[in-house]
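Here the structure comes first, spelled out in structure tokens, and everything after it is commentary.
Residue numbering restarts at 1 for every chain, and letters A, B, ... go by the order of the sequence lines.
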Amino acid sequence: MIRLRELAKNYGDQQAVRGITLDIPDGQLVGLLGPNGAGKTTTIRMLTGMLAPTSGTAEVEGADVVRDPLAVKRVVGYVPESGAVFEALTAQEYLRFVASLYAIPEAEADVRIGRFARFFELDDPTLRKSLSSYSKGMRQKVVITSALLHNPRVVLFDEPLNGLDANAALSFKTLITTLAREGKTIIYCSHILDVVERVCNRVVIIHQGQIVADGTAEALKAQTGESSLERVFNRLTGTENLLARAEEFARALSQ
Amino acid sequence: MSAGGEPPSGLDFPQALGLLRTTLRMRMRVGGGTRLGRSGKPRGLILLGVLYAVMGGLVGMLAFVHVDVFTYAIILFGMSFFLGGTMVISESSQVLFNPREADILGHRPIHPRTLLLAKSLSLFLLSTFLTLALNLAPTFMGMRAAPWPGLFPLVHLATTLLTALFAAASVVFVYALLTRLVGRERFDAFVSWTQVGATVVMLLGYQIVPRLIDRIHGFRLDHERPWLVLLPPAWFASLEAILVGEPATARLGLMAALAVVATAALAWGAVAKLSGTYAATLSALGETPVAAPTVGPVERSPRKMNALLRAWLRDPVERGVYQLARAYMTRDRDVRMRLYPSLATIVVFAILPLFDQSMSGRAGPVFVLTFISMLTNTAMATLKMSPQYAAADIFRYAPLAGTAPLFHGVRKAVIVGFVLPTFALVSPILWFTIRRHELLLAILPVLAAMPTLSLLNGLVGDYLPLSLPSTIGRQGFTNVMSMIAGALGAAAISAVALLGVKMGWFWTFLAVELVVLAVVHAVLLRGIRVRPFEALQ
């Protein structure tokens, strides 16, 4: 269960998140959408307990992110947008290292690493290679594994499909729907709207730090009278005169 | 190309200036582009400049002790060459060989010569800033030593700039040559050890020249001595001496000519002749090697660690961070290039008694050991920086109550993987280079203080390993401050210990020191343990 009440974050004069109120029950898979700079990543980072809100409250599984950030961090798994890993380590070393941060015993960690490696088709020799030699997609598989290694009850994905090939992306989509069915609460931030439309059972759209839409994809389409989530998004986040702007841009290039 | 066709030389100056501006802006920006969102002045570089200006003022006082221009200049240029050169070396990794740059610049229409010229100029400007800071006061104080005083400031300024250019050109030339001589696979291994070697050479030159001068009465070094031709600072000192009116002998003229010719040849060789292989290596560094070899373990598997180490690393987080730090110390080029040159100071001080017999009877060995103890702090500061600093966010979203296990994990990795091996390497050298072995007793109080000294870093801010991008001046300032702290520590501990050896109360002193250290150690440990983990604001 995730519970946000008037959650806000300012960076100096700039209001990144402006009083978001939201409840996400257990087992729900929520797609969090918004244009660039809308406040998605800031919201997610506040939910991990790593970024302090300016005002408002946020609770994850009953623990307040400000008063008890440790309790929050224990139950949250996070895939950051950066996909950054310590590249001097091998994948196996990195995953063992992450396991140590969550106090997972070494033997147990190896079992879990093996399980995820099989799922993502990473064999033993590959696991023993330096992460600096991994492609972006392979690295992303390691990042996703590292977020799930401690079996978190809440999982926050920020652009998790970055770099994944079509097969891995399909595996991932199947994985998250399975995780949600098993009762995990999942927030899924992405710009790939058709994936969100297919896998998420609820969609929240943020624009300029505020929620502008909340419901199932079907309900949002019905409310706005649009035929797809992409069109709903386009309508609510204000990209107007797209064709005219594209033509003007092309003209400027040829001048 | 900025516009139009490619110039025959491949050098596009407007484009080079644009690249230079951007390189400097990026390197100077504190935490630039990080999610911490901090911005501001390069404080490390500014503090380093102030420090060098003070040092220059002290050295410049030589002008008041009847020194001649050549001797005055060789001391200043020796220091300039060492301080400017080592700074350029420590920054060169990020400036010259940033693997991520291939994705940003590799596909742009930039000729390799233009790219290398822009990078070299940024290193030259850095070297110029530091050498000018060092020579600020001596530029005016030296008027006392010159036959034509009015000309001295102008000449000294020009020669200082030439020294800075020579230091930057040497470093760029050596690295550019390295890209031609060794392949991509061996480049990473070679480059960090070349850096150590270059630092040792510069430090040796800087330390040996004053010692040779010390033996000459009246602070006058005979510029006709043949071996001076081997020392670059002597070339620039000769040039300066001739330009301010000293009689130009053939040897002085030869050395002055060497200053100009060598600088021009190195700069031309690097930019005009070696830029092609440099660009190819830079591009290769950014590649993702598909068939990369499997990496050997940094340590035996945690379950197979020796019992002592395992007991010392009982906390699983400490153990994980220990292995992370060991991996970066042995595998990451950027960390190695910042870490291992600090060994140069230790090695040079250990072998100095070979050049100066009087040192072997004094406190030199104790100074060496104190420098080793300060290595922990230098290395820990180095391990705060990494090109993958964004990955350190994991420490903020993992359930950690404080930074204590992160700090101790890195500290222990540095002690086991860096400080103890250095100690093992240097101890036999010291045994052979010092004559009075009873002085080795004085090493014991320094050794006893090592664990406590290594805790000092834990009290300054949140210690998050590998969490900072490296910015210009940050490492240089850290190294200089660590050396100063090491020298002060040596003065305090070794002076008392040596006095104790002489007066016969050494063992009592050691016992008292141990008790005091135990208390201080416990207080520091507690201070580190209770430090809370702050959320980002």
If you define the side chain from C-beta out and look only at heavy atoms, does anything of A/Met138 sit under 4.5 Å from A/Thr126?
yes
Could you work out, with ring pair (Phe, Tyr, Trp, His ring centres under 6.0 Å) as the rule, every residue matching A/His150, not counting sequence neighbours?
A/Tyr102
Under 3.5 Å, is there a donor-acceptor pair between the side chain of A/Lys9 and the main chain of A/Ala52?
yes
Most chain B-contacting option - heavy-atom pairs closer than 4.5 Å, from A/Glu87, A/Met46, A/Arg74:
A/Glu87
Quick check for you: among A/Leu101, A/Val76, A/Leu127, which has the greatest number of heavy-atom pairs under 4.5 Å with chain B?
A/Leu101
Shortest non-hydrogen contact from A/Val30 to A/Cys200?
C-SG, 4.0 Å
Please identify each residue that fulfils side-chain hydrogen bond (donor to acceptor under 3.5 Å, both in side chains) with A/Glu59, with sequence neighbours left out.
none
Relative to chain A, which of B/Pro316, B/Ala398, B/Gly320 shows the most heavy atom pairs under 4.5 Å?
B/Ala398
For residues 60-73 of chain A against chain B, heavy atoms under 4.5 Å, the residues are A/Leu70, A/Lys73
Within 45° cone of A/Tyr134 ring axis and under 6.0 Å: A/Lys136 NZ or CZ
no
When heavy-atom pairs shorter than 4.5 Å are enumerated against chain A, which of B/Asp315, B/Ile394, B/Leu406 gives the highest number?
B/Ile394
Which of the residues A/Phe97, A/Phe86, A/Tyr94 is involved in the greatest number of heavy-atom pairs with chain B at under 4.5 angstrom?
A/Phe86
For the pair B/Arg411 and B/Glu318, find out whether any cationic side-chain nitrogen is under 4.0 Å from an anionic carboxylate oxygen.
no
Just jot down the salt bridge (Lys or Arg N to Asp or Glu O under 4.0 Å) partners of A/Asp158, sequence neighbours excluded, or say none.
none
Engaged part of B/Val335 at the chain A interface, taking heavy atoms whose separation is under 4.5 Å
neither
Salt bridge or not between A/Arg118 and A/Asp123? Use side-chain N to carboxylate O under 4.0 Å.
no
